[in-house]
Amino acid sequence: MIPFRRLTHSLIVVFVLSFVLILSVFTKIFFQADHHHVNSSHSAIVEKILDPNDQQLDVIQIDNHPLAFYVHFDLKGAAPKVSYFKKLFPLLHQWGVKGICMEYEDMFPFDGIVRSIKHKQAYTKDDIETINQLAKDNRLDVMPLLQTYGHLEFLLKLNEFSDLRENPKYPQVITPCVDRTYTVLYSMIDQYLKLHPDIRFFHIGHDEVYYFLTHPACAEFQRATGIHNQYELFAYHLNKIVSYIKQRSPNIELLVWHDVLQNLNLQMLQRYNFLNSIHPVLWSYREDMQVEGFVIGSQADLFGQYKSLWGATAFKGATHEIATISDVKHYYENQVSWIKQLQMYHRTKWRNFHGVILTGWSRYDHFLSLCELLPYSIPSMLFSIAAWHKQFQNLPRNQNIPHQLQNYVQQQLQCSSALHLNTQDHFSTKPIPKCQFPGAGVYESMISLGRIWNQVEQAESFVNKYVTDLHVKYNYIHVKRGEECLEILRPAIHALQSFINLFIHSMNEVFPEQVAIEWLETYFMQRYNLVHRRYEFIQRAVREQKSWGTRPIPNINKLEANLTNAR
């Protein structure tokens, strides 16, 4: 027989254990239900992209949570040939990329009322269908990007559409105050949807909208709508675009750049149901993205309330407007900063985060120059992609890209030696790697150019001692020194001419011929012509000059006349 006190104690123990067990089960069920509620829409979106039968070795993820990773192609007036994508897409899939974001701009085969805006070398409709099929064959999702508010220079620059500019002086922003705006935009949207019938994501831009309510029609528009400020106007226009696309294709998920969107308060977001109907894309191309306003405080909390959230990093075209050399380390640090941010936030404020767009800008603006070229920037692209691979995310390093990652990229791109990671490498004696990736010829020629200009400068430092502008202008030369100058200059001239030939040949394998010409005219020909003209003068002077006039040279009267005219 058990004593009463012992029996009582045993009953208490049994009761407590039973209570703890029941509480544990209940908590687990509740947590799973709550977790499912928070992430159900997120999971549904991820399942749209991630194919369970796709056995990729390099899965991109944060804290064992897979991310949809897209590579962006900015095609503004410099679209690769379709044959280039045929070579590149299999590599993107191999590297863990899930999709491509295609920003066609004027390279899209627009028709109908907007047919006049397309580039004369724009893709054909067959080209778009081929790109879609190539992507499908390589298990890459296609996300088209169409600007529908700001960055509409390619439309608004034409006189035909100039009446739709928000600010008549600047063709960047379209006005929501005129009905014809939507006739034009809806036509563009319809054509995008027609040529992309199977898309799951559609990026509708809306970044860098600089002008609001300045169109002459906006005064009457405000009286009719009750819109009082720029953010109400932005929300109104965004809602018009979102509603139109949703009516046409209810299941398409719509992405929007964050920089103007972030100014809308919660009440406005709820009024238009933006928290559920759009997915913000937070873009930051800094080495330390934690300085952005959306990283901490109320902005971070607000973005965490959307059904889905994306981020955008960069692999080219995000250092300055006329950069021709990719700072690979800068772009790598941009990825690392994002990864650290997500490792902190993904389980808390940004559980809705599910995708990254790795942007590769070709121009800062429709009117501006080409910057880093796509084939040249493939190494930067792969360093940026691979930074997200689980095995490379938390490697120790001392201000450098980890050697394990460098070796991986070198191997993947089949390069004979280490890749160049910054501007200084391009001007050093470091070996120029011979690689096998698509467009490697452009990469090699671009790396060689810095050394060629160094060679030119060294030659010029000798030539400038003996052949000045005065010698050229008045055809007055020291023949013996001129011959020495030719000997010094000749190898540099040959190197420049070899660069032109290699560059054009390599570029023409990737792009239509005009792209190489544009780049050369922008960054090369002015300096080349100066060097070449001086070389030709010395050649001619050494060959032809047999006698020389008396001094003074120049004639003082002619000099004074020239100075007077210059004033």
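This structure is a prediction, so every number in the text was calculated from the model and none was measured. Basis for what follows: all heavy atoms, side chains included, without hydrogens, waters or symmetry-related copies.
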Salt bridge (charged side-chain N to carboxylate O under 4.0 Å, His left out) involving [X] - partner list, sequence neighbours excluded:
X	result
Asp425	Lys430
Glu153	none
Lys136	none

*ring-ring contact (aromatic ring centres under 6.0 Å, His included) partners for His203, two or more places apart*: Trp257

*Heavy-atom count around Glu513 CD within 6.0 Å, excluding the residue itself: above 12?*
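Open.
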
*Count the heavy atoms of every other residue, nucleotide or ligand shown that sit under 6.0 Å from CZ of Arg527, and state whether that count exceeds 12.*
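Enclosed: over 12 neighbouring heavy atoms sit under 6.0 Å from CZ of Arg527.
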
*For Cys177, enumerate each residue passing the disulfide bond (SG atoms under 2.5 Å apart) test, keeping only those at least two apart in sequence or located in another chain.*
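For Cys177 the disulfide bond (SG atoms under 2.5 Å apart) partners, ignoring immediate neighbours, are Cys218.
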
*What's the spacing between Leu374 CG and Tyr443 OH if we round to 0.5 Å?*
14.0 Å

*OG on Ser162 to CZ on Arg165, rounded to 0.5 Å*: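 Between Arg165 CZ and Ser162 OG, I get 5.0 Å after rounding to 0.5 Å.
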
*asked:* Just to verify, what does Tyr211 make a side chain to side chain donor-acceptor pair (under 3.5 Å) with, not counting sequence neighbours?
replied: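 Listed in chain order: nothing, the list is empty.
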
*asked:* For His366, run the side-chain hydrogen bond (donor to acceptor under 3.5 Å, both in side chains) check against Lys76, Gln172, Lys157, Gln147 and tell me which one passes.
replied: Lys157

*Will you find, in the side chains of Ser498 and Asn501, an N or O donor that is under 3.5 Å from an N or O acceptor?*
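Not at all, the side chains of Ser498 and Asn501 share no donor-acceptor pair under 3.5 Å.
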
_Strictly below 4.0 Å, N to O, side chains only: are Glu129 and Lys125 in salt-bridge contact?_
no

